[in-house]
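All remarks here apply to the structure that follows.
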Amino acid sequence: MDSSGRLILMAVHAHPDDETISMGGTLATYAAAHSPTTDTYVVTGTRGELGEIVIPEWDTPEAHERLGETRMGEIAAAMAALGVTHFENLGFRDSGMVGDAGNEDPRCYHHHSTTNLDDTTEHLVRIIRRVQPDVIATYDDFGGYGHPDHIAAARVARRAWEVAGDPTWRPDAGPAWTPKKLYEVRTPDSQRDKVLALLESRGIESWWSEPKEATPEELEQWHQWRAAMACPDELITTRIDITKHLGAKRRAIQAHATQIKSDGPLLSLSEQDYIDLGAVEQYRLVAHRLPSEPALPERDLFEGLR
Ligand SMILES: [Zn+2]
């Protein structure tokens with residue numbers, strides 16, 4: 001809770017754009033710009049400097065040189081679209097995709113979090129102890145889709161959830177603060193299937209479309225990966241209705257111009273399509289420190305705290 005009594009959501013992410021794609025509507029819902037009783041903080045682990053540039057004419061060696069800086073500008077524009085005024089970056093280096101040389105760079109988020117989880121976590125704990133969030137939202141253990149930086153973000157957020165309220169844990173990192181609820185953002189199987197069916201009916205390829213040229217082993221691996229990106233519907237505890245913020249979420253996605261294609265799956269669907277699909281962002285309550293078990297399912301991340 002902040003000094004004016006607002007409840008605080010802290011979203012812990014890997015790269016610029018993840019926050020908007022996975023939970024942009026939720027971030028807007030709780031930003032002080034849209035709700036007088038809550039506020040939103042976004043923390044990103046890296047600046048996304050190793051990612052692809054999806055606009056061919058921008059994809060130059062010089063643009064890659066300054067990609068981290070460009071993406072910090074893009075996330076600033078995305079946050080402005082969502083009405084979020086607080087966002088910070090932990091300053092780790094992007095690790096690249098699974099198996100990339102970037103994974104072994106000692107400056108990268110993946111390497112830091114696997115070689116010294118507590119030192120890595122201290123960076124986030126300092127922010128938690130200063131901002132005093134009531135709720136933390138991050139990814140599941142698979143980091144949503146297996147990216148090393150996403151897995152790092154989820155591990156760091158979980159470790160911070162455990163230790164931030166312990167006054168004996170790194171007392172130099174600020175006075176202890178105990179967040180009350182921890183969530184992971186998830187895509188349930190039914191939602192994945194509905195979105196995929198709609199995209200396929202319009203001939204739009206997505207990360208959920210089966211690869212056309214693959215060996216049987218590659219295909220088997222791909223099916224396992226796709227299954228891990230979603231979860232059984234019964235794991236979902238919390239659905240946030242984002243209908244009011246679909247337009248803002250779309251503008252925030254567009255702000256991440258170097259990495260989200262304007263004709264790709266995320267921007268090919270209209271606001272009405274999202275309403276027809278069920279305009280919700282979905283979560284699993286992983287842990288809580290409420291005085292009693294919350295009534296599930298919930299429609300508010302601050303249920304039990306208001
Ligand atoms: Zn990412």
Side-chain angles (χ1 to χ4, degrees), residues 10-27 40-55 59 63-64 67-79 81-82 84 87-105 107-114 120 123-124 136-158 160 183-187 192 206-208 225-226 228-231 249 252-261 264-267 281-283:
M10 181 174 284
V12 180
H13 286 281
H15 314 104
D17 92 348
D18 299 318
E19 76 301 322
T20 297
I21 296 170
S22 65
M23 53 175 86
T26 308
L27 302 178
T40 298
Y41 278 71
V42 173
V43 180
T44 300
T46 84
R47 303 193 306 160
E49 57 268 58
L50 292 188
E52 289 177 333
I53 297 176
V54 300
I55 299 174
D59 189 5
H64 278 281
L67 192 53
E69 213 177 306
T70 303
R71 292 207 161 146
M72 291 314 289
E74 290 178 344
I75 194 173
M79 294 302 98
L82 297 175
V84 173
F87 58 98
E88 298 193 36
N89 186 270
L90 298 181
F92 293 102
R93 193 170 160 76
D94 190 339
S95 310
M97 300 301 273
V98 185
D100 284 2
N103 294 184
E104 299 316 317
D105 188 318
R107 296 166 297 174
C108 87
Y109 202 15
H110 163 75
H111 193 274
H112 266 271
S113 67
T114 48
T120 314
H123 294 262
L124 179 61
I136 294 179
T138 186
Y139 315 115
D140 61 289
D141 294 337
F142 188 54
Y145 74 110
H147 190 295
D149 287 326
H150 288 234
I151 293 170
R155 290 185 72 210
V156 164
R158 277 169 178 64
Y183 287 95
E184 53 191 31
V185 64
R186 302 298 300 254
T187 303
R192 188 259 329 269
S206 73
W207 46 90
W208 290 326
W225 173 75
R226 196 183 76 164
M229 284 171 69
C231 72
K249 181 170 179 173
I253 290 175
Q254 286 167 330
H256 288 291
T258 57
Q259 52 187 333
I260 302 177
K261 286 184 184 161
L266 284 168
L267 289 170
E281 288 167 349
Q282 309 191 54
Y283 298 83

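Both counts, for ligands and for their atoms, begin at 1 and track the order of listing. Reckoned from all heavy atoms, side chains included, excluding hydrogens, waters and symmetry mates.
For Glu104, there are no side chain to side chain donor-acceptor pair (under 3.5 Å) partners, not counting sequence neighbours. Every residue two or more places apart in sequence or in another chain that forms a side chain to side chain donor-acceptor pair (under 3.5 Å) with Arg107 is listed here: Asp105. Scored by the side chain to side chain donor-acceptor pair (under 3.5 Å) test, His64 finds Asp59 as partners (sequence neighbours excluded).
Taking 4.0 Å as the cut-off between side-chain N and carboxylate O, Lys261 and Glu52 do not count as a salt-bridged pair. Salt-bridge check for Asp17 with Arg71: failed, with every basic side-chain N at 4.0 Å or more from each acidic carboxylate O.
Screening the protein for N, O or S atoms under 2.8 Å from the Zn ion (ligand 1) yields 4; no waters enter the count.
Shown are Thr120, Asp149, Ile151; of these, the side chain to side chain contact (heavy atoms under 4.5 Å, CB included) with Ser113 is made only by Thr120.
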